[in-house]
S.K.: 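This is the structure I have questions about; it appears just below.
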Number of protein chains: 2
Amino acid sequence: MARTPVGFAGPNPEAVRLGKRLKDAREYVGITQEEAANHLKVRRSAISEMEAGKRGVGALEMKSLAVLYERPTSWFTGESEQLHVPEDVAFLARTVSDLSENDRGELASFAEFLRSRSKVNKNG
Amino acid sequence: MARTPVGFAGPNPEAVRLGKRLKDAREYVGITQEEAANHLKVRRSAISEMEAGKRGVGALEMKSLAVLYERPTSWFTGESEQLHVPEDVAFLARTVSDLSENDRGELASFAEFLRSRSKVNKNG
DNA sequence: CCCCGTTGTCTGTTTTTCAGACATGTGCTA
DNA sequence: TAGCACATGTCTGAAAAACAGACAACGGGG
């Protein structure tokens, strides 16, 4: 995790937010830093520093903590849980579900064609 | 990211899976490694190695890529296996997301055609 | 006050990542 | 086929981050 820019000493605000959430979640389920550390196979000090935003958190570490703390990773990252799927996309997905396997193949080919065509238009 | 145990040289299977998903997602939105690298403020080689599972992915990096690739982080971690959609349907849904509104209309029309055709075949 | 469980912080060592270049692969065009 | 352009894979010394372990500090009971 050398994500924070080179000449930047101050704490990364986003990392601090992430750490707070990790800490909140841990305390909510009543787990000590040591137990969390054992779960993650890291030193306890690592947990302490992660929660303070002084140390990076690996994506897989976060996933593992998500299990231990019983929360989705999106809760830690603060993502909006909304799926953001336009209605026409949803409609297509539903329609596709009704089709036979052959027809799905045809449709997929056509979709692929449209996709490559739009690429060509963009590039040229 | 020294998450993998000390005396373990082989690739971390979970990291490899994560990398594959990152790569798939990037390719679906038609972005190059270089563009992704610019977005993350890392070298392109970092993207290459992340996708190969040879390099750790920070939690905040993953969140940033989630925005760029238009997926929830849970998709990268593999948390969202709840949907149970057949793979070809899922693929179509993803491809559709790439298309312009016009192309979606075309595709929807074609899907509708296929659906009605199969109905006719059933009834006759 | 003292104990004890828990958490915060420090330092030298180890591991990972960076930075940049070089190498490979793939598609296109003459 | 050769040549080229673009995207991606991979290597190496330098720099940064994480580890490992210890010590300090906080806080609640006895």
Side-chain angles (χ1 to χ4, degrees), chain A residues 1-12 14-16 18-65 68-69 112-113 115-117 119-124, chain B residues 1-12 14-16 18-62 64-65 68-69:
Chain A
M1 286 300 287
R3 289 299 72 61
T4 20
V6 181
F8 182 35
N12 183 334
E14 259 208 296
V16 171
L18 173 59
K20 279 191 202 300
R21 287 172 189 245
L22 288 171
K23 180 167 187 168
D24 285 347
R26 176 179 58 78
E27 292 177 339
Y28 185 82
V29 290
I31 293 181
T32 68
Q33 288 185 346
E34 184 147 32
E35 292 171 301
N38 289 339
H39 184 76
L40 272 197
K41 305 280 201 354
V42 297
R43 296 275 155 227
R44 186 191 52 76
S45 57
I47 302 290
S48 176
E49 289 165 347
M50 279 177 2
E51 293 182 352
K54 296 175 180 174
R55 176 189 230 87
V57 182
L60 296 177
E61 290 175 333
M62 183 171 66
K63 179 186 177 184
S64 184
L65 288 179
L68 187 61
Y69 298 164
E112 184 57 28
F113 160 71
R115 196 160 74 96
S116 57
R117 186 179 68 171
K119 260 191 195 170
V120 168
N121 288 344
K122 248 190 266 179
N123 298 344
Chain B
M1 294 300 290
R3 289 299 75 59
T4 22
V6 182
F8 181 37
N12 183 336
E14 259 208 298
V16 172
L18 173 60
K20 278 191 203 301
R21 288 172 189 259
L22 288 172
K23 180 167 188 170
D24 284 348
R26 177 178 58 78
E27 291 177 340
Y28 274 129
V29 291
I31 294 181
T32 67
Q33 288 185 344
E34 184 147 31
E35 293 172 301
N38 290 339
H39 185 77
L40 270 197
K41 306 282 201 352
V42 298
R43 293 273 161 247
R44 185 192 52 75
S45 57
I47 302 291
S48 175
E49 288 165 347
M50 279 177 2
E51 292 181 352
K54 296 175 179 173
R55 175 192 219 96
V57 182
L60 296 177
E61 290 176 332
M62 182 172 66
S64 183
L65 288 179
L68 187 61
Y69 297 165

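Every chain is numbered from 1, with letters handed out A, B, ... down the list of sequences.
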S.K.: Round to a whole Å and report the spacing from NZ of B/K41 to P of D/dA16.
M.R.: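 About 18 Å, once rounded to whole Å.
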S.K.: Find the distance B/N38:CG to D/dA7:P and express it as a whole number of Å.
M.R.: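 Rounded to whole Å, this separation is 12 Å.
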S.K.: So how far is it from A/L22 CG to A/E61 CD, rounded to the nearest 0.5 Å?
M.R.: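 Going from CG on A/L22 over to CD on A/E61, the span is 10.0 Å.
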S.K.: In whole angstrom, give the distance that lies between atom CE of A/M50 and atom P of D/dA17.
M.R.: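 A/M50 atom CE is separated from D/dA17 atom P by 16 Å.
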S.K.: Just to confirm, is there a sub-4.0 Å distance from OP1 or OP2 of D/dA18 to any side-chain nitrogen or oxygen of A/R43?
M.R.: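 Answer no for this pair, as no side-chain N or O of A/R43 is under 4.0 Å from OP1 or OP2.
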S.K.: Have a look at B/A46 and say if it touches a base, only the backbone sugar-phosphate, or nothing, with a 4.0 Å heavy-atom cut-off.
M.R.: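 Sugar-phosphate, no base atom in range.
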S.K.: How long is the gap from CG on A/L18 to CG on A/N12, to the nearest 0.5 Å?
M.R.: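 Between atom CG of A/L18 and atom CG of A/N12 there are 9.5 Å.
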S.K.: To the side chain of A/R26, which of C/dG20, C/dT7, D/dA20 is closest?
M.R.: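 Output: C/dT7.
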S.K.: Which nucleotide, C/dT9, C/dG8, D/dA7, lies nearest any side-chain atom of A/K23?
M.R.: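 Taking heavy atoms from C-beta onward, the closest nucleotide is C/dG8.
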S.K.: Describe the nucleic acid contact of B/S48 in one word from base, sugar-phosphate, nothing, applying a heavy-atom distance below 4.0 Å.
M.R.: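 Base: the residue B/S48, judged by heavy atoms under 4.0 Å, touches a nucleobase.
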S.K.: Expressed as a whole number of angstroms, how long is the span from A/N12:CG to D/dA16:P?
M.R.: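 In whole Å, D/dA16 P lies 17 Å from A/N12 CG.
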S.K.: Any N or O donor-acceptor pair linking the side chain of A/R44 to the base of C/dG8 at under 3.5 Å?
M.R.: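 Between C/dG8 and A/R44, which were checked side chain against base, a qualifying N/O pair under 3.5 Å is present.
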S.K.: Nearest to the side chain of B/E51, which nucleotide is it out of C/dG8, D/dG9, D/dC11?
M.R.: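 Side chain of B/E51 sits closest to D/dG9.
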S.K.: Report the distance from atom CD of B/E34 to atom C1' of D/dG9, rounded to the nearest whole Å.
M.R.: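 One finds 14 Å between C1' of D/dG9 and CD of B/E34, rounded.
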S.K.: B/L22 CG to D/dG9 P: how many Å, rounded?
M.R.: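 In whole Å, D/dG9 P and B/L22 CG are 13 Å from each other.
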S.K.: Could you check if a side-chain atom of A/I47 sits within less than 4.5 angstrom of a side-chain atom of A/M50, using non-hydrogen atoms only?
M.R.: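 Side-chain contact under 4.5 Å: yes.
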S.K.: Are any of A/Q33's side-chain N or O atoms less than 4.0 Å away from OP1 or OP2 of C/dG5?
M.R.: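 A/Q33 to C/dG5 OP1/OP2: no side-chain N or O under 4.0 Å.
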S.K.: Quickly work out the B/E49 CD to D/dT12 C1' distance and round it to whole Å.
M.R.: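 One finds 12 Å between C1' of D/dT12 and CD of B/E49, rounded.
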S.K.: With the side chain of A/R55 defined as its heavy atoms from C-beta on, choose the nearest nucleotide among C/dT9, D/dT10, D/dA18.
M.R.: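 So the nucleotide nearest the side chain must be D/dA18.
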